[in-house]
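These notes concern the structure reproduced below.
Quantities reported herein were computed from a predicted structural model and do not represent experimental measurements. Chain identifiers are assigned alphabetically (A, B, ...) following the order of the sequence lines, protein sequences preceding nucleic acid strands; residue numbering begins at 1 within each chain.
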There are 2 protein chains.
Amino acid sequence: MGPSARAASDRDLFADGLRDQGVGELGYRPNATAVALRTHRSQVLGLLIRNLHNPFFLDVVDGFDGACAAAGYEVMIGSSRYDPSREWELLHAFQDRGVDGLAVAPIGTGPAVGDWAEDYRCPLVLLNAPPPQAGAAVMSVRGVGAAAVAQAVRHLVELGDRELTLVVAPADKDPEPERPERFRALARESGFAARVVETEPGLDAAREAVGRVSAEPPSRRPTAFLTNSDHLAQAVYLAAADLGWRVPEDLSVVGHDDLPTAALLAPPLTTLRVDRREIGRRAATLLIDSLEGRPPARRDVVVRVDLRVRQSSSPADIANSQDRKPELPCRN
Amino acid sequence: MGPSARAASDRDLFADGLRDQGVGELGYRPNATAVALRTHRSQVLGLLIRNLHNPFFLDVVDGFDGACAAAGYEVMIGSSRYDPSREWELLHAFQDRGVDGLAVAPIGTGPAVGDWAEDYRCPLVLLNAPPPQAGAAVMSVRGVGAAAVAQAVRHLVELGDRELTLVVAPADKDPEPERPERFRALARESGFAARVVETEPGLDAAREAVGRVSAEPPSRRPTAFLTNSDHLAQAVYLAAADLGWRVPEDLSVVGHDDLPTAALLAPPLTTLRVDRREIGRRAATLLIDSLEGRPPARRDVVVRVDLRVRQSSSPADIANSQDRKPELPCRN
DNA sequence: ATGAAAGCGCTAACAG
DNA sequence: CTGTTAGCGCTTTCAT
């Protein structure tokens with residue numbers, strides 16, 4: 001083989017297989033499956049979401065993926081769609097595939113997840129759910145649910161609202177039962193009327209549920225709705241429109257999550273801002289740290305939640321006097 | 001071991017390992033890693049998204065996951081974050097992990113993806129991008145981009161708009177260059193003024209870009225914006241507010257995607273509705289069919305896109321006369 | 001130091 | 001038809 005032939009072959013080799021690799025590197029890539037079989041480490045983390053349809057989880061996934069990428073892990077994802085049997089199935093599918101760690105946004109408080117963790121010992125973190133008292137090995141990442149409720153309630157009470165209604169998912173699907181509890185406790189302390197309405201996930205179901213509680217006699221008519229998500233707050237908007245009620249003149253609404261669209265709704269939605277990407281990132285970091293022998297200081301990471309006051313909770317005179325220039329939603 | 005001891009042990013076994021399994025079933029689950037190594041089939045499909053931050057992809061992921069679940073596949077996900085080198089990296093990471101098939105929402109028209117497909121022969125489907133003429137093995141699933149533009153343009157021209165501006169991602173990041181081309185061709189045919197503005201992804205960048213084109217002399221002032229996504233349409237709303245322009249009185253806006261929030265914006269957004277879940281589902285089905293020896297009839301699946309007219313594109317008198325009752329956004 | 005061998009948990013191909 | 005064996009591609013251990 002002459003020198004020119006060699007040069008051509010080198011060029012081809014480069015174009016084909018070595019594209020982004022440094023000169024001199026061999027184009028060898030170990031077979032990750034074989035490595036996993038041999039070492040019992042797959043370098044894959046599982047992410048099991050209860051409802052991938054909720055935009056809340058988009059950024060969670062994004063943050064999780066980002067942290068995994070930085071540490072050389074891949075992520076396997078699955079949605080349980082609020083179906084406990086599918087959750088159970090996915091848990092085992094991930095186990096069979098040998099995930100090194102798992103983050104779960106559980107259905108309800110996730111008893112199935114706890115049971116599963118008993119027999120497959122791998123780092124596990126619950127998203128937006130308190131850690132089960134039993135399994136000390138289980139970690140969690142979540143917003144400060146109870147304090148967030150208190151913050152929103154204080155705001156509304158200051159505005160003069162006395163008939164508050166909290167909209168949440170049914171108890172068996174809600175990973176944070178402490179929220180309605182705290183809400184009722186606050187009512188007892190502060191002397192406002194507290195009502196809790198449970199609704200199946202889904203805009204239509206929620207819209208209807210909200211409509212139902214709103215049909216109270218005038219004296220007990222709700223003047224403010226708090227929801228567990230901006231998603232549900234949208235249902236409240238729709239229900240209000242159905243009834244011909246104006247927000248915020250006739251009804252205050254406070255959401256939860258501060259999705260990018262919250263600021264663009266009509267009227268812009270007052271909501272509890274939580275850094276969704278951070279939740280995903282912290283969950284991944286917790287898993288990776290445990291896996292790499294850096295036991296995390298806190299097993300229960302609580303991320304800040306703060307109230308962003310917009311026009312959906314301002315009495316009319318305040319709303320009208322405010323600068324209406326739309327503010328930026330959270331950084332894109 | 002007496003009978004009572006046996007009974008107790010059976011019960012424990014049931015509680016521990018056999019939970020949801022039929023009586024008599026052995027609690028055996030094959031190790032998927034070993035199976036994959038042996039059979040060269042992982043039962044895992046890859047899903048590589050260019051920007052997981054865009055809500056568009058949420059439902060795509062959901063549909064993809066759903067179809068995979070039904071067929072017994074798991075899904076490995078990754079986000080390239082508009083970074084070509086990370087896209088290249090993920091492509092290989094998926095390859096190393098032995099994914100059986102891969103769906104990619106590519107950055108730009110995805111030349112890297114094409115190159116990669118050459119050396120790792122597995123079913124590949126491009127999301128929202130035309131199939132490269134080269135690789136006959138590459139499939140694709142997408143909305144009917146060009147026809148959608150035509151539909152929106154016709155609508156606006158009928159409303160009297162003559163200064164139309166299309167907002168798209170920069171050419172190197174846009175997987176559908178045919179869209180601006182079609183837009184310009186339509187302008188030549190129909191005699192309206194066509195301007196195309198490119199913007200980096202991100203609400204702030206887009207807002208600023210839109211503001212810039214809007215600073216034209218009155219005679220050439222844009223009267224309508226078409227965007228490539230509802231995401232970008234939101235940027236147009238923000239820019240309009242910056243300028244003190246009212247939508248739709250001063251400016252028509254037409255989005256693309258019909259995200260759940262489109263109907264809730266102020267004013268409700270006219271947009272091109274596309275079934276995002278269907279895109280994910282079809283992509284997975286295409287891959288699974290090829291893998292299981294059912295070669296799909298069409299390698300280039302095109303899903304319907306239809307115009308949903310709302311208030312952001314109606315002239316004031318029409319807008320005011322319309323029933324303002326908010327309509328339901330797409331299911332759930 | 002470098003090299004050979006065993007084996008991770010399975011399936012495919014083979015022999016009895 | 002049932003039972004045995006080789007080997008997927010690697011890492012780890014053990015012997016040189």
Side-chain angles (χ1 to χ4, degrees), chain A residues 13 16-22 24-46 68-69 71-76 78 88-102 116-123 287-288 290-294, chain B residues 13 16-22 24-46 68-69 71-76 78 88-102 116-123 287-288 290-294:
Chain A
L13 205 70
D16 272 5
L18 298 177
R19 210 184 143 99
D20 274 10
Q21 295 169 19
E25 288 251 19
L26 234 25
Y28 166 74
R29 306 197 128 249
N31 176 324
T33 310
V35 174
L37 182 61
R38 185 64 244 241
T39 62
H40 298 281
R41 275 300 173 89
S42 60
Q43 296 287 109
V44 173
L45 300 185
C68 286
Y73 284 77
E74 239 48 59
V75 12
M76 197 160 266
W88 185 247
E89 216 172 79
L90 270 167
L91 247 19
H92 283 96
F94 284 164
Q95 172 177 351
D96 296 344
R97 247 112 206 166
V99 296
D100 291 340
L102 181 60
W116 174 83
E118 299 274 302
D119 81 51
Y120 185 57
R121 302 221 155 272
C122 82
L287 292 174
I288 293 167
S290 327
L291 285 169
E292 309 197 334
R294 286 173 257 121
Chain B
L13 206 71
D16 272 4
L18 298 177
R19 209 184 143 98
D20 274 9
Q21 295 168 19
E25 287 251 20
L26 233 27
Y28 168 72
R29 306 196 127 250
N31 176 324
T33 309
V35 174
L37 181 61
R38 182 67 244 240
T39 61
H40 298 282
R41 275 300 173 87
S42 59
Q43 297 286 108
V44 172
L45 299 185
C68 286
Y73 285 77
E74 238 50 56
V75 11
M76 197 161 266
W88 185 248
E89 215 171 80
L90 270 167
L91 247 19
H92 283 95
F94 284 165
Q95 172 177 351
D96 296 344
R97 247 112 206 164
V99 296
D100 292 340
L102 181 61
W116 175 85
E118 300 274 302
D119 82 51
Y120 185 58
R121 302 221 155 272
C122 82
L287 292 174
I288 293 166
S290 328
L291 286 169
E292 308 198 334
R294 286 174 256 119

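Side-chain atoms of B:Arg29 never come within 3.5 Å of backbone atoms of A:Ala93 as a donor-acceptor pair (strictly under, hydrogens ignored). Side-chain atoms of B:Arg294 never come within 3.5 Å of backbone atoms of B:Ile288 as a donor-acceptor pair (strictly under, hydrogens ignored). Put simply, the side chain of B:Asp100 never gets that close to the backbone of B:Leu45: no donor and acceptor are under 3.5 Å apart.
The CZ-C1' distance, from A:Arg97 to C:dC10, rounds to 14 Å in whole Å. Rounded to whole Å, atom C1' of C:dC10 lies 13 Å from atom CG of A:Asp96. Taking atom CG of residue A:Leu37 and atom C1' of nucleotide D:dG7, one finds them 12 Å apart after rounding to whole Å.
Classified by interplanar angle (parallel below 30°, tilted 30° to 60°, perpendicular above 60°), the ring pair B:Trp116/B:Tyr120 is tilted.
Taken together, the paired segments of DNA chain C that extend over three or more consecutive Watson-Crick or G-U pairs, each closer than 3.5 Å at both contacts, are C:3-14 with D:3-14.
Rounded to the nearest 0.5 Å, atoms CG (A:Asp96) and CG (A:Leu91) are 10.5 Å apart.
Looking only at side-chain heavy atoms (C-beta outward), B:Thr33 and A:His40 stay at 4.5 Å or farther from each other. No side-chain heavy atom of A:Gln43 sits under 4.5 Å from any side-chain heavy atom of A:Val35.
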Chi angles and distances behind the side chain to side chain contact (heavy atoms under 4.5 Å, CB included) call for A:Arg41, A:Leu291: CA-CA 10 Å; A:Arg41 275 300 173 89; A:Leu291 285 169; 4.0 Å; yes

Which atoms of nucleotides 10-12 of chain D (N or O only) lie under 3.5 Å from a protein N or O atom, and what are those distances?
residue, atom, partner, partner atom, Å
D:dC10, OP1, A:Tyr28, OH, 3.1
D:dC10, OP1, A:Asn31, N, 2.9
D:dT11, O2, A:Arg38, NH1, 2.4

